[in-house]
Amino acid sequence: MKASDSEFHELYAASYARLVGILTLGAADRSEAEEVVQEAFLQLISRWGTVSTYDDPEAWVRAVAFRRLSNRHRRGRLSQRVFRRLEQPREPRPSSTEPVDVVRALAALPLAQRKVIVLHHLLDWSVERVAAELGIPVGTVKSRLSRGRAALLPLLESEVIDHA
Amino acid sequence: MPDLKAVLEAAARREQSSASPRYEDLLSRAERRRRRRVVAVLAGTVLLLGASAVLIGARAPSHTNDALRADTAAPACGASDVGELEAKWTLRGLVLNGSMTVRNVSAHACRLGPPDVELQSATHQPLLSEERLIPVDFVAPVAVITIPPGRAAQAVLNWGGGYCDVPTPHVVLAVRLPNGIRSANVAGAVLPCLSDVTYYRHGQSSAAVSGFRVIPG
């Protein structure tokens with residue numbers, strides 16, 4: 001990786017914060033998002049020779065981070081942490097410019113629904129691309145989107161009301 | 001009704017990490033990880049070599065057909081010597097049990113050691129288990145054999161656990177030989193993605209292959 005250290009450094013500096021922002025919505029947990037993004041960059045170091053030739057190396061890191069997030073949740077390592085998280089209300093945010101606590105609302109959804117919502121609505125991926133990335137049928141993506149939206153929108157509205 | 005995209009974008013911006021870990025810290029963490037992996041591979045290799053030596057030693061006296069022992073004068077079997085690779089397996093419980101067979105189609109005897117196997121998808125991409133290549137361990141017999149011309153040799157093959165990565169209609173078995181690769185589609189079942197993790201972690205699987213044995217007759 002020595003020859004292209006500077007390119008890797010540039011990608012890291014430019015993408016890290018953005019990826020943590022996106023993954024936080026998927027994980028509904030900022031510290032967990034930071035962990036999976038760092039793990040994805042660690043994995044990138046050993047594969048930089050190949051991935052650096054891709055059109056969008058950041059997309060590779062994002063995909064790996066989402067996959068690691070799924071694996072963590074599958075193994076149930078964080079189940080108790082999530083449970084505690086649901087039990088304990090988040091600290092109020094110091095910022096008053098964004099009153100809606102989207103992360104808390106997203107935390108109420110299953111990971112599978114959160115992922116399709118983030119990929120489709122935040123990253124503007126088509127339903128077909130989301131299905132291909134996650135290895136699930138298009139119909140499943142649509143149903144998860146539908147259920148996720150139906151569950152999420154009332155929560156967002158109530159958050160707005162709570163903070164009003 | 002809130003605009004979902006706008007709400008998500010605003011939240012993602014707000015959640016962006018203001019202080020990323022120092023780049024140098026990331027590199028040193030990667031180096032520590034690489035060292036740990038090297039140590040693990042070395043330890044695994046030592047264990048594997050030790051186990052192989054014990055197995056070979058234990059099996060050596062039981063050879064009954066001297067003609068099938070390795071003939072060090074014979075050349076190693078290349079891809080062009082072994083003809084087509086055939087493989088099959090059937091699912092029994094949590095394990096796919098099967099075998100793979102090659103035939104020496106050359107006019108001379110050749111030597112064949114334990115096969116260097118990789119499990120691949122239908123598009124010849126390596127199958128992953130928990131984001132790592134599925135390990136293929138060796139089981140006895142692992143000795144190098146000599147295949148007389150026209151004779152076939154068979155190796156035992158199994159794959160156990162749960163497979164939860166990208167779905168594939170069938171598995172491709174790729175065997176590296178000294179001058180090329182022979183591959184075969186393994187028809188039939190692929191391991192299921194297990195929901196019961198009593199014996200294996202979710203998505204964890206491993207495979208094993210024996211050395212070849214010349215088929216009598």
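First the proteins, then the strands, lettered A, B, ... as listed; each starts at 1. This is a predicted model, so every value here is computed, not measured.
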Exercise for the section: Could you tell me which residues in residues 126-135 of chain A have at least one non-hydrogen atom under 4.5 Å from a non-hydrogen atom of chain B, sorted by residue number? Expected result: A:Gly135
Exercise for the section: Evaluate side chain to side chain donor-acceptor pair (under 3.5 Å) for A:Glu58 paired with A:Ser15, printing each intermediate quantity in order. Expected result: CA-CA 7 Å; A:Glu58 183 180 325; A:Ser15 308; 3.0 Å; yes
Handout entry: Shortest non-hydrogen contact between A:Leu109 and A:Arg114, atoms and distance
Key = O-NH1, 2.8 Å
Exercise for the section: Check each atom of A:Leu42 against the heavy atoms of chain B and say whether the ones under 4.5 Å are side chain, backbone, both or neither. Expected result: both
Practice task
Against chain B, label A:Arg67 side chain, backbone, both or neither, depending on which of its atoms sit under 4.5 Å from a heavy atom there.
Solution key: both
Exercise for the section: Name the option with the most non-hydrogen atom pairs under 4.5 Å to chain B; the candidates are A:Leu25, A:Val37, A:Ile117, A:Leu123. Expected result: A:Leu25
Problem - Any side-chain heavy-atom pair of A:Val36 and A:Arg72 under 4.5 Å - result: yes
Completion exercise
If you tally heavy-atom pairs under 4.5 Å between each of A:Val64, A:Leu23, A:Val118, A:Asp124 and chain B, the highest tally belongs to A:Asp124
Practice task
Go through the atoms of A:Leu19 and report whether side chain, backbone, both or neither lie under 4.5 Å from a heavy atom of chain B.
Solution key: neither
Handout entry: Geometric class of the B:Trp159/B:Trp89 ring pair [parallel <30°, tilted 30-60°, perpendicular >60°]
Key = tilted
Practice task
Assess the side chains of A:Arg68 and A:Gln43: does a donor N or O sit below 3.5 Å from an acceptor N or O?
Solution key: yes
Exercise for the section: State plainly whether the residues B:Glu84 and B:Arg103 are in salt-bridge range, i.e. N to O under 4.0 Å. Expected result: no
Practice task
Answer with yes or no whether the side chains of A:Gln38 and A:Tyr16 bring together a donor and an acceptor at under 3.5 Å.
Solution key: yes
Exercise for the section: May I ask you to check whether B:Thr101 and B:Glu86 show a side-chain donor-acceptor distance below 3.5 Å? Expected result: no
